[in-house]
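As the structure lists them, so they are numbered: ligands from 1, and atoms in each ligand from 1. One is the number of the first residue; the rest follow in order along the sequence.
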Amino acid sequence: MVKHIGILTAGGDSPGLNAAIRGLGKGATLAGNIQIIGFRDGFRGFMENRFIRLQGETLANILTLGGTILGTSRDKPHKMPVGGKVMDMTDVLLDNYRRHHLDALVCIGGGGTHKNALRLSQKGMNIITLPKTIDNDVAMTDVTIGFDTAMEIATTAIDRLHSTAHSHHRIIVVEVMGHNAGWLALGAGIASGADVILIPEIPFSVAKVASAIQQRMHRGKNFSIVVVAEGALSDEDAAGSEKSAAKTAAKEGKKKEKLKKICNSLAQYSVHGNINTLRLSSQLEELTGLESRITILGHLQRGGTPSAADRVLATRLGTACIRAIEAKQFGVMVAARGESTELVPLAQVVELRRTVPLDHPWVASARMIGTCLGD
Ligand code: F6P
């Protein structure tokens, strides 16, 4: 009997999504009894029944392509903006699931997608997920599709910032993505030899960061590279009570709006930029006497062709997904585990976010080579 499988990509894109779609599509084609349709633009396209058949030519020449041929969105089935209102469209998705006689729906995404996928699975759909996000913060998998490429992009960018920081005797504060997890900042920071790496998991003291830069100055190094994850917080901000945090957020929201207006035109700041990065840069200037510049890598980190490691990972997960479908294993994520893969119940995946453990070997190595982590 022919099986009908739907597939969609949701949340922020990441390099390697097309490699995963290809792995799944080619695996299904060769299995012979599986037909795949791809829904456009994540859960929105599934709701609006916009799709393409994934076979033959559609799957050709996409292995090296960045982004996703299906398109993506951050829309949630149970909170979908429709005609100016936010509505629960889960039943419409269920209708489309039945209309296409789907035996399963494969959702490729990050933390948010996994929560949505679990909800759909609880509504009776056969769901399988693949983990992707450049943030690498999906629980219960060793790594996510896109992380390796993003780490490489950030590393190359920081390598280039080194020479200009050195020539101008400046601090360069480089903001990389990662609202909740510091994998990207830590990985790219270690790989590029950053002097300071600040991640959300380790609240930083501005004074300690400044002192690390001053110690370098005493050694004749009048420049420093500070890699900061967008979600990194100073110890003061991290310790603030909820009330004061809310107050600060409101105040900083206003400040940010003002700053955006001023800085956008100066190309110093992107809409994605974090107010904390701006503040950190000016505080470091004040405390060290060195000039400081900010570089926000932003969406550059999500674009372009996937690395070899991401292509291999995506192909491994995509083909393992075919095996799971054939074994009728649903309500699970196909996780990367060492050289192999493992099926993990979605309920376990959504329980936690995978942040950097404070005793992680990357943290230990960074400390051992004298990198300041701000604490
Ligand atoms: O994909 C995850 C992520 O890269 C975060 O690190 C980042 O904050 C967010 O996406 C921004 O995505 P967008 O601008 O597409 O909403």
Undergrad: Evaluate Gly178 for polar contact with ligand 1, using N/O atom pairs at a separation under 3.5 Å.
TA: yes
Undergrad: With distance as the sole criterion, is a donor-acceptor pair present between the side chains of Thr305 and Arg311 under 3.5 Å?
TA: yes
Undergrad: Show the numbers, then the answer: is there a side chain to side chain donor-acceptor pair (under 3.5 Å) between Thr133 and Thr144?
TA: CA-CA 6 Å; Thr133 161; Thr144 55; 5.2 Å; no
Undergrad: Would you mind telling me if ligand 1 is within reach of the side chain of Glu230, the backbone, both or neither, using heavy atoms under 4.0 Å?
TA: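 The answer is the side chain.
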Undergrad: Of all the atoms in ligand 1, which lie at a distance below 4.0 Å from a heavy atom belonging to Arg74?
TA: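 The atoms of ligand 1 under 4.0 Å from a heavy atom of Arg74 are 9 (C), 10 (O), 11 (C), 12 (O), 13 (P), 15 (O), 16 (O).
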Undergrad: With distance as the sole criterion, is a donor-acceptor pair present between the side chains of Arg216 and Ser224 under 3.5 Å?
TA: yes
Undergrad: Which atoms of ligand 1 have any heavy atom of His179 under 4.0 Å away?
TA: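 Reading through ligand 1 atom by atom, the close ones are 8 (O).
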Undergrad: So that I can tick it off, tell me whether Arg367 and Asp375 are bridged by a salt bridge, with the cut-off set at under 4.0 angstrom between side-chain N and carboxylate O.
TA: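 Salt bridge between Asp375 and Arg367, a charged N being under 4.0 Å from a carboxylate O: yes.
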Undergrad: Does Arg302 reach ligand 1 with a nitrogen or oxygen that is under 3.5 Å from one of the ligand's nitrogen or oxygen atoms?
TA: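 The answer is yes, given that Arg302 and ligand 1 share an N or O pair closer than 3.5 Å.
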Undergrad: Phe39 vs Phe46 aromatic rings, parallel, tilted or perpendicular, using cut-offs 30° and 60°?
TA: tilted
